[in-house]
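One structure below.
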2 protein chains.
Amino acid sequence: MNIYDIAKEAGVSISTVSRVLNKKENVNEETRLKVEEVLKRYDYVPSGIARGMVSKSMKTVAVLTVDVRVPQYARIAYTIEREFSKRGYNVQLCNTGGDLEEAVQYLDIVTGKQVDGVVLVGSIFNRIGPDERVASLLKHTPVVVANGQLDLPNCYSVLVDDQLGISLAVEHLYKKGHREIFYLKDMDTDSAQRKQAGFLETMKRLGLDGKAHIRETMFGLQGGVQAVEQLLDSKAKVSAIVCGEDLTAIGVLKGLKRAGIRVPEEVAVTGFNRSEYAQVCEPELTTVDNKAELVGRLSVQLLETLIQKEEHYASMVVQPELIVGKSS
Amino acid sequence: MNIYDIAKEAGVSISTVSRVLNKKENVNEETRLKVEEVLKRYDYVPSGIARGMVSKSMKTVAVLTVDVRVPQYARIAYTIEREFSKRGYNVQLCNTGGDLEEAVQYLDIVTGKQVDGVVLVGSIFNRIGPDERVASLLKHTPVVVANGQLDLPNCYSVLVDDQLGISLAVEHLYKKGHREIFYLKDMDTDSAQRKQAGFLETMKRLGLDGKAHIRETMFGLQGGVQAVEQLLDSKAKVSAIVCGEDLTAIGVLKGLKRAGIRVPEEVAVTGFNRSEYAQVCEPELTTVDNKAELVGRLSVQLLETLIQKEEHYASMVVQPELIVGKSS
DNA sequence: TACAATTTTGAAAGGGCTTTCAAAATTTTT
DNA sequence: AAAAATTTTGAAAGCCCTTTCAAAATTGTA
């Protein structure tokens with residue numbers, strides 16, 4: 001069933017059917033009723049692809065994320081989807097697994113399908129910038145990087161001030177009297193770099209030695225557990241541990257519990273990202289809210305203005321907030 | 001830049017350009033090189049929408065879920081996306097928030113855009129079956145319900161045997177010597193119904209009174225906490241608590257801890273769904289693995305055969321597995 | 001009643017591709 | 001060298017809409 005069949009059945013031209021479908025004003029009431037009856041009778045739905053062909057848009061955007069199973073990304077993907085849905089767009093979800101080749105392939109496919117825009121979620125996407133293919137793929141598609149930056153013509157950013165986030169955590173611990181504050185670096189993304197910089201800067205400002213208090217470990221629960229073991233083995237004096245991820249912090253909590261060290265009485269712990277885990281673990285984790293929902297909303301706003309080619313775009317920076325739990 | 005421009009620039013017809021684009025064999029090597037040079041020079045990407053127009057497919061499927069921030073749904077959405085990506089499809093994500101009207105709207109939009117298929121994730125979607133509009137919307141689109149069932153012509157299911165899952169938990173507790181086993185009902189979906197039925201059946205089989213050991217509560221952490229309070233207030237003898245959701249079980253753990261009751265020494269607790277939370281909480285939760293990844297994979301397989309109109313479809317049932325943690 | 005103004009309708013032109021079919025060019029066979 | 005077989009190419013139709021523009025029908029005005 002296409003618009004021609006409907007037109008024939010209703011005894012009108014396709015133009016008239018199109019007018020009825022699009023609820024245009026200039027259709028005789030009698031004609032409209034006749035057409036609508038036929039439409040209903042055949043459960044007719046006009047082809048979105050053909051419409052896209054005319055408007056050159058499928059009202060669809062692509063969201064690239066490392067892995068939507070990571071709560072942080074899920075939250076941001078959720079917000080982006082809901083916001084775009086309100087605006088009449090559908091969202092294509094792409095899990096790149098942190099693999100840049102995979103990301104380039106996704107971009108190839110979705111730009112080929114002429115998505116109206118792309119949101120890249122996470123600072124890991126900063127790394128696809130240098131790829132020569134990316135620039136040409138994204139030449140005609142507006143892009144917003146949520147929590148990242150890409151130095152390309154159509155690309156704008158919504159960033160969280162990670163550096164400030166770590167500052168808040170360190171200052172909070174300092175005020176509580178902690179001096180032997182360690183920072184656990186668990187990844188090697190640009191975001192992690194900024195966190196580390198924030199740690200160093202804040203420690204310096206407080207008159208403490210930051211450099212000697214940085215430890216590296218793997219990402220995830222296990223990384224936190226191991227880091228504690230190593231820290232205790234080294235006989236270092238530890239009064240607080242600042243983590244760049246909640247999951248790592250929870251690993252730290254588990255490690256400390258295993259070693260019989262009480263939190264927060266003997267050692268305080270802070271996480272980052274305000275994941276659901278932070279409320280689930282024991283004791284509830286002090287963490288930094290990275291405002292995922294806000295970042296999602298702002299990304300959508302920004303991308304929409306880009307799509308509509310309005311003329312005033314600007315990258316934005318969002319302030320994180322310290323959420324004090326019972327682990328500090 | 002369209003195929004006509006490329007053809008003109010290369011001094012050939014659009015048919016030839018199309019052949020080169022689609023890597024067809026019958027093109028003279030010299031001609032091919034000439035066309036490819038032009039293609040590269042202009043960074044030409046053929047319009048996916050126009051292609052969709054011809055093939056009547058955008059190689060896209062829609063996944064409807066209640067909320068991708070719920071880890072269980074995120075896992076299944078992730079698996080579905082990855083599997084479809086391998087097969088050359090993109091996935092549109094839709095968060096209905098459990099609202100049926102919203103779900104119908106999404107279905108309206110995505111079927112209008114002629115998605116090749118739809119996956120509905122969760123037994124909540126069983127409820128849109130009776131809606132008159134749904135049947136007509138889905139008349140020409142293959143549908144798979146993951147963890148649910150819909151009695152419509154093109155609809156098939158991949159189900160987890162929830163009843164068995166609860167049985168495994170109850171039997172496990174029984175073997176450990178527990179007799180005062182309570183079941184916490186926290187939702188009112190079909191899946192929750194089956195879990196409750198599983199509890200009653202198993203208790204009966206073991207010669208215990210099931211009916212008297214069912215308690216209702218709200219969904220989520222808070223629900224678990226409250227349920228414990230009420231249970232303790234009622235002075236009932238409690239030796240184990242079986243929950244239909246990990247999050248509820250974690251609430252129970254928190255409630256018990258608050259009341260100074262040791263887990264698992266005094267009361268054992270089990271969850272459901274094998275969420276990440278189960279490993280994060282203290283003590284680690286005994287839970288039932290609902291095989292989200294497997295369900296996702298099977299759903300994709302099934303939907304693909306439906307899309308390709310192969311002739312042998314069958315709904316499937318997946319066996320859950322008990323994961324014994326430290327809470328029982 | 002004749003004319004202008006307005007409302008309602010339809011024909012036709014895109015939009016950018018794939019595909020079919022026949023023509024042209026080339027190679028092989030006799 | 002002519003005929004047959006094969007490879008390579010292009011014209012044109014089709015996919016299903018929206019939109020423009022002009023024609024037809026209706027209403028209002030003089």
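Note on naming: letters A, B, ... go to the chains in the order of the sequence lines (proteins, then strands), and numbering restarts at 1 for each one.
- Residues forming a ring-ring contact (aromatic ring centres under 6.0 Å, His included) with B/Tyr73 (at least two apart in sequence, or on another chain): none.
- A side-chain N or O of B/Asp188 and one of B/Gln193 form a donor-acceptor pair less than 3.5 Å apart.
- Residue A/Asn28 is classed as a sugar-phosphate contact, given heavy-atom separations below 4.0 Å to backbone atoms only.
- For residues 8-22 of chain A, the set of pairs meeting the salt bridge (Lys or Arg N to Asp or Glu O under 4.0 Å) definition, not counting sequence neighbours, comprises A/Glu9-A/Arg41.
- Applying the salt bridge (Lys or Arg N to Asp or Glu O under 4.0 Å) test to residues at least two apart or on different chains, the pairs with a partner in residues 111-131 of chain B are B/Asp131-B/Arg133.
- Sequence neighbours left out, the pairs with a member in residues 133-156 of chain A that pass ring pair (Phe, Tyr, Trp, His ring centres under 6.0 Å) are A/Tyr156-A/Tyr313.
- An end-to-end axis angle of 50° holds for the helix from C/dT1-D/dA30 to C/dT30-D/dA1, taken from five base pairs per end and rounded to 10°.
- For B/Tyr4, the ring-ring contact (aromatic ring centres under 6.0 Å, His included) criterion is met by no residue, not counting sequence neighbours.
- B/Tyr42 pairs by the ring-ring contact (aromatic ring centres under 6.0 Å, His included) definition with nothing, not counting sequence neighbours.
- Partners of B/Tyr106 according to the ring-ring contact (aromatic ring centres under 6.0 Å, His included) rule, which considers only residues two or more places apart in sequence or in another chain, do not exist here.
- Near-neighbour residues of DNA chain D inside residues 29-43 of chain A, defined by a heavy atom below 4.0 Å, are absent.
- Note on residues 64-73 of chain B: pairs passing salt bridge (Lys or Arg N to Asp or Glu O under 4.0 Å), not counting sequence neighbours, are B/Asp67-B/Arg69.
- Applying the 4.0 Å criterion to OP1 and OP2 of D/dT9, one finds that B/Thr16 has every side-chain N and O outside that range.
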- Where along nucleotides 15-28 of chain C does protein come under 4.0 Å, by heavy atom, of base (B) or sugar-phosphate alone (S), with - for untouched nucleotides? BBBBB---------
Considering only distance and modelled atom types, tabulate donor-acceptor pairs under 3.5 Å from the side chains of residues 144-154 of chain A, sequence neighbours left out.
{"residue": "A/Asn154", "atom": "ND2", "partner": "A/Leu138", "partner atom": "O", "Å": "3.4"}
{"residue": "A/Asn154", "atom": "ND2", "partner": "A/Lys139", "partner atom": "O", "Å": "2.7"}

